[in-house]
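Here is the structure we will look at.
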Amino acid sequence: MEDCLFCKIIAGEIPSNKVYEDELCYAFYDIAPQAPTHFLVVPKKHISGVSEICEENAAVVAHIFSVISKVTKELGLASYRVVSNCGEDAGQTVFHLHFHVLGGARLADGMC
Ligand code: AMP
Ligand code: ZN
């Protein structure tokens with residue numbers, strides 16, 4: 001999608017620090033980490049956020065969670081948090097579906 005930061009990162013038009021890639025998804029370290037390990041996992045096909053997930057495109061979300069399970073093991077993360085902000089009031093700033101994966105320290109209690 002034009003003018004989407006994460007589509008540009010997936011296309012290699014904007015540099016990123018890659019964690020993992022396959023035909024369906026791309027994972028890269030967050031530019032402003034909120035934990036010692038903080039990366040994002042995004043579908044390669046543009047979906048604007050959780051509110052746009054439907055029966056037709058939901059399979060990629062299951063795939064992303066299997067990737068999170070695999071990559072966190074490879075990184076040695078026993079504990080981690082997975083977060084997806086949906087909508088401006090929830091703190092979404094990039095409108096391409098992404099799952100934050102945060103770990104590497106004892107995380108603060110609460111939802112975020
Ligand atoms: P959200 O605020 O939930 O939409 O998450 C967007 C995330 O993208 C934030 O944590 C930003 O730090 C991160 N971010 C923005 N630009 C980049 C970039 N060029 N490379 C990596 N992460 C980025
Ligand atoms: Zn996009």
Side-chain angles (χ1 to χ4, degrees):
M1 193 197 197
E2 251 178 70
D3 282 336
C4 171
L5 175 66
F6 289 172
C7 282
K8 288 180 179 162
I9 284 178
I10 292 160
E13 292 165 15
I14 291 175
S16 64
N17 193 357
K18 180 165 88 174
V19 180
Y20 173 88
E21 179 175 17
D22 63 27
E23 67 283 6
L24 294 176
C25 70
Y26 187 74
F28 55 104
Y29 286 105
D30 197 290
I31 204 167
Q34 305 294 310
T37 300
H38 182 181
F39 63 90
L40 306 170
V41 191
V42 306
K44 284 192 168 172
K45 187 163 173 245
H46 184 91
I47 298 170
S48 62
V50 170
S51 59
E52 296 304 314
I53 296 170
C54 59
E55 286 297 329
E56 285 68 39
N57 63 19
V60 73
V61 178
H63 177 71
I64 283 173
F65 274 82
S66 75
V67 165
I68 290 171
S69 174
K70 177 177 131 89
V71 171
T72 48
K73 285 183 182 74
E74 286 169 3
L75 294 175
L77 287 179
S79 295
Y80 53 90
R81 182 172 293 159
V82 182
V83 175
S84 189
N85 299 318
C86 183
E88 263 180 52
D89 286 351
Q92 186 175 7
T93 58
V94 180
F95 288 81
H96 180 128
L97 179 65
H98 53 282
F99 295 90
H100 297 258
V101 181
L102 303 125
R106 186 160 186 94
L107 301 173
D109 290 342
M111 296 298 288
C112 54

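Every number for a ligand or one of its atoms is a count from 1 in the order of the listing.
Distances below 4.0 Å separate heavy atoms of F28 from the following atoms of ligand 1: 21 (C), 22 (N). Close approach of ligand 1 to Q92 (heavy-atom distance below 4.0 Å) involves ligand atoms 4 (O). Taking every heavy atom of V94 and a limit of under 4.0 angstrom, the matching atoms of ligand 1 come to 4 (O), 6 (C). Remark: ligand 1 atoms within the under-4.0 Å shell around heavy atoms of H100 are 1 (P), 3 (O), 5 (O), 7 (C), 10 (O). The contact set between ligand 1 and A32, taken as ligand atoms under 4.0 Å from a residue heavy atom, comprises 12 (O).
For the pair SG of C7 and SG of C4, the angle whose vertex sits at the Zn ion (ligand 2) is 120° to 10 degrees.
In this structure, the protein non-hydrogen atom closest to atom 10 (O) of ligand 1 is D30 OD2, 2.5 Å. Counting protein heavy atoms only, atom 16 (N) of ligand 1 is closest to L5 CD2, 3.3 Å. In terms of protein heavy atoms, atom 17 (C) of ligand 1 is closest to I31 CG2, 3.6 Å. In terms of protein heavy-atom proximity, atom 1 (P) of ligand 1 is nearest to H98 NE2, 3.2 Å. The shortest contact between atom 4 (O) of ligand 1 and any protein heavy atom is with T93 N, 2.7 Å.
Formation of a donor-acceptor pair under 3.5 Å by the H96 side chain with backbone atoms of P43 is found in this model. Judged by distance alone, with hydrogens and angles left aside, the side-chain atoms of T37 form no donor-acceptor pair with the main-chain N or O of L102 at under 3.5 Å.
Using a non-hydrogen distance threshold of 4.0 Å, Q34 does not register as a contact of ligand 1. The shell of residues lying under 4.0 angstrom from ligand 1, judged by heavy atoms, includes L40. Using a non-hydrogen distance threshold of 4.0 Å, I9 registers as a contact of ligand 1.
The aromatic rings of H100 and H38 lie tilted to each other, with the angle between the two planes from 30° to 60°.
Taking SG of C4 as the start and CD1 of I10 as the end, the distance is 7.0 Å to the nearest 0.5 Å. With rounding to the nearest 0.5 Å, the separation of CG in N57 from CG in L97 is 8.5 Å. We find the CD1-CD distance between I47 and E52 to be 9.0 Å, quoted to the nearest 0.5 Å. A distance of 5.0 Å separates NZ in K8 from CG in D3, rounded to the nearest 0.5 Å. The NZ atom of K45 sits 14.5 Å away from the SG atom of C25 when rounded to the nearest 0.5 Å. Taken to the nearest 0.5 Å, the NZ atom of K73 stands 6.0 Å off from the OH atom of Y80.
Proximity of Y26 to F6: side-chain heavy atoms (C-beta onward) are nowhere separated by under 4.5 Å.
Annotation for E74: atom CD counts as buried by contact number, over 12 foreign heavy atoms lying within 6.0 Å.
Per residue H96, closest N, O or S atom to the Zn ion (ligand 2): atom name ND1. Of all N, O or S atoms in H46, the one lying closest to the Zn ion (ligand 2) is ND1.
An N or O contact shorter than 3.5 Å links G91 to ligand 1 by distance.
Residue contacts with ligand 1, taken as heavy atom pairs separated by less than 4.0 Å, involve Y29 solely via the backbone atoms N, CA, C and O.
Of the candidates F99, F95, F6, it is F6 that places a heavy atom closest to atom 8 (O) of ligand 1.
With hydrophobic clusters built from ILVMFWY side chains whose heavy atoms lie under 4.5 angstrom apart, V61 shares a cluster with Y20.
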